[in-house]
Amino acid sequence: MDKILVRGGRRLRGEVAVSGAKNAALPILVSSLLTAEPCVCHGVPDLLDIYTVLKLLGGLGVRVKRGDLQAASGEVTLQADQVPHLEAPYDLVKTMRASFLVLGPLLGRFGEARVSTPGGCAIGARPVNLHLKGLAEMGAEIDLIHGYVVAKAKRLRGAKIYLDFPSVGATENLMMAAALAEGVTIIEDAAREPEVEDLAAVLNKMGAWVEGAGTDIVKIEGVKELHGVTHRIIPDRIEAGTYIVAAALTGGEVEVKGARPDHLDAFLLKLKETGAMLSTDRDKVKVVGKGRPVSVDLTTLPYPGFPTDLQAQMMVLMAVSNGVSVITENIFENRFMHALELNRMGADIRLEGNRAIVKGVERLSAAPVMATDLRASVSLVLAGLVAEGQTEITRVYHLDRGYAHVERKLSGLGADIERVRG
Ligand code: UD1
């Protein structure tokens, strides 16, 4: 298995380009199931999770034409004119929970689907009850058989659905299902993430009627048929935020190209409080790190609140801050595994339920550490950038799920980082 070695102490300088958003690309690629016509996506990032979803779609029978995802164009064409297999197998759903998103479109277009339940994962239980509740309200018959959700509906019908929590995945699954349902669906307490808006933009280009995406009430008027689409995926706000933290952490000066400041409001405001200097344009953020970060408290919340996917990265910044910071995690119940690894690198973090009390230390010291999930793994890379000595990070497949060419991008900014293949 590959390892990443980081030798700390370099200030990052220069420019780095953000890839297309993984969390927008996944549902958008899946939405190709809603039409027999070709769907062309640009800006698809070169990530393990993308290869997983393409494998899943290919397995269903979708024709997949993949360009070079290492190129900035990142083009993928999908055509679901024949979908003989209406099943998402356990093997793929267990490696990537977003596979569960095929349920809504398969049911909406073909009237049936068998999708493995995802089970728990490292960051928490992550149930799919809200996805299922919504589909049931739209008239689907749902059974759980041998670990698979087996759903049937002659034609889904519009319904008023109240999500008890603004789940991103449930909002997306239900939007796709509702696009081909009979009548109007209203999703209340919908997720407002930019990725939900990007999916709505795609559905509308395909001929659907989706209104209100980006607010907490999304209205979808079902149509009989959808057609092909060409779309460029929005830039990855979490990847952008990660490089912004890296620059601030190392006292560097970095321009993050493609970063959309309007998608990063809560995060950028917090970062400013830590003393980093930021200047923004429509599609870039320049950050200059100034001395030791000032400690700040933060609480993760659904968008537009502070994103849970940037919590681990901010924890590293707070680990070397000049005071005490309280980080409260409200989205996932078990998302502090990086804290224990960071403590092995000399951080002083105490966990109390869903709160981490982070006492800043002057410096971290390198240690062998293990990645446990996607965002945790990048936080260990960040810690390595400011630790004394060489940090060795194992289980980097977690990193490859969500960060395209991280070692290449960071070494382009002057970091001393390498991947050892094994
Ligand atoms: C998406 C993102 C992930 C991000 C998360 C929260 C993708 C592919 N992944 O994940 O990177 O961390 O949003 O911003 O877009 N929940 C339920 N029942 C449900 C569904 C969710 O209780 O039916 C709970 C989950 O257990 C979790 C919370 O709601 O505690 C948020 O989950 P959700 O918004 O659904 O996250 P994902 O869509 O899985």
Side-chain angles (χ1 to χ4, degrees), residues 20-31 44-45 47-50 52-53 56 92-104 115 117-137 142 144 149 161-177 187 189-199 216 233-234 236-239 241-242 263-264 266-267 299-313 328-338 354 373-379 398-399 401-403:
K22 167 179 89 74
N23 288 352
L26 294 174
I28 287 172
L29 293 169
V30 166
S31 72
V44 178
L47 299 172
L48 215 51
D49 273 8
I50 296 295
T52 305
V53 80
L56 171 66
L92 293 176
V93 184
K94 79 167 190 250
T95 56
M96 191 190 64
R97 298 176 48 86
S99 309
F100 200 73
L101 291 174
V102 300
L103 180 60
V115 178
T117 52
C121 74
I123 62 174
R126 300 182 82 175
V128 286
N129 58 314
L130 300 174
H131 303 235
L132 300 183
K133 175 180 114 159
L135 292 171
E137 276 164 25
I142 297 173
L144 186 65
V149 169
I161 300 163
Y162 177 78
L163 296 181
D164 302 308
F165 182 90
S167 154
V168 175
T171 305
E172 293 168 343
N173 223 338
L174 296 174
M175 270 165 53
M176 290 191 275
I187 308 174
D189 202 15
R192 291 181 275 170
E193 270 71 359
E195 294 76 18
V196 171
E197 266 191 88
D198 209 27
L199 173 64
D216 58 354
I233 310 285
I234 55 169
D236 196 312
R237 64 195 164 99
I238 305 301
E239 189 199 18
T242 302
H263 291 169
L264 283 161
F267 164 75
T299 300
T300 64
L301 286 169
Y303 191 85
F306 192 95
T308 175
D309 285 352
L310 284 169
Q311 177 258 104
Q313 299 85 321
T328 309
E329 172 58 56
N330 281 324
I331 309 294
F332 294 111
E333 70 267 30
N334 190 22
R335 207 174 201 182
F336 280 145
M337 271 164 352
H338 46 283
N354 72 334
D373 68 71
L374 171 50
R375 307 302 168 187
S377 57
V378 86
S379 77
H398 288 293
L399 196 61
R401 289 188 49 199
Y403 286 91

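Only heavy atoms go into these numbers, but all of them, side chains included; no hydrogens, no water, no symmetry mates. Position 1 is the first residue of the sequence; numbering continues from there. Indexing begins at 1, ligand by ligand and atom by atom, following the structure's order.
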Exercise for review: Going by heavy-atom distance to atom 12 (O) of ligand 1, choose the closest among Leu310, Asn330, Leu101, Asp309.
Suggested key: Asp309
**Study point:** Nitrogen or oxygen atoms of Ser167 and ligand 1 under 3.5 Å apart
**Key:** yes
Review point. Would you say Asp216 and Pro166 make side-chain contact, with heavy atoms under 4.5 Å?
Key: no
**Study point:** Charged N-O contact under 4.0 Å between Arg237 and Glu195
**Key:** yes
**Study point:** Ser379 side chain to Gln313 side chain, donor-acceptor N/O pair below 3.5 angstrom
**Key:** no
Study note, to complete from the structure: One finds that the ligand 1 atoms under 4.0 Å from a non-hydrogen atom of Val128 are 19 (C), 23 (O)
Review point. With a 3.5 Å cut-off and no angle check, do the side chains of Gln311 and Thr300 form a donor-acceptor pair?
Key: no
Point to revise | For His131, atoms of ligand 1 separated by under 4.0 Å from a heavy atom | key: 23 (O)
Check your understanding: Given the rule in the side chain to side chain contact (heavy atoms under 4.5 Å, CB included) test, do Phe306 and Leu301 qualify, once you have shown the distances and angles that lead to the verdict?
Key -> CA-CA 6 Å; Phe306 192 95; Leu301 286 169; 5.9 Å; no
Study note, to complete from the structure: Honestly, for Val168 the part within reach of ligand 1 (heavy atoms, under 4.0 Å) is both
Point to revise | His398-Asp373 side chain donor-acceptor pair, cut-off 3.5 Å | key: no
Practice item. Could you name the option among Pro127, Pro166, Pro307, Ala191 that has the heavy atom nearest to atom 22 (O) of ligand 1? Key: Pro127
Review point. What about Leu26: any of its N or O atoms under 3.5 Å from an N or O on ligand 1?
Key: no
Exercise for review: Taking the side chain as every heavy atom from C-beta outward, state whether Glu333 and Asn354 have any pair of such atoms under 4.5 Å apart.
Suggested key: no
Review point. Judging by distance only, is a nitrogen or oxygen of Ile331 under 3.5 angstrom from one on ligand 1?
Key: yes
Point to revise | For Gly169, atoms of ligand 1 separated by under 4.0 Å from a heavy atom | key: 35 (O), 38 (O)
Review point. Is the shortest N/O to N/O distance between Asn23 and ligand 1 below 3.5 Å?
Key: yes
Check your understanding: Using a heavy-atom cut-off of under 4.0 Å, does the side chain or the backbone of Thr308 touch ligand 1, or both, or neither?
Key -> side chain
Point to revise | Within-shell test, Glu195 vs ligand 1, heavy atom, strictly < 4.0 Å | key: no
Study note, to complete from the structure: Within the 4.0 Å heavy-atom cut-off, what Leu374 brings close to ligand 1 is neither
Practice item. Would you mind reporting whether Arg335 and Asp309 have side-chain heavy atoms less than 4.5 Å apart? Key: yes
Study note, to complete from the structure: With sequence neighbours left out, the residues meeting side chain to side chain donor-acceptor pair (under 3.5 Å) with Arg401 are Asp49
Practice item. Run the contact test for Arg335 against ligand 1 with a 4.0 Å cut-off on heavy atoms, strictly below, and give the result. Key: yes
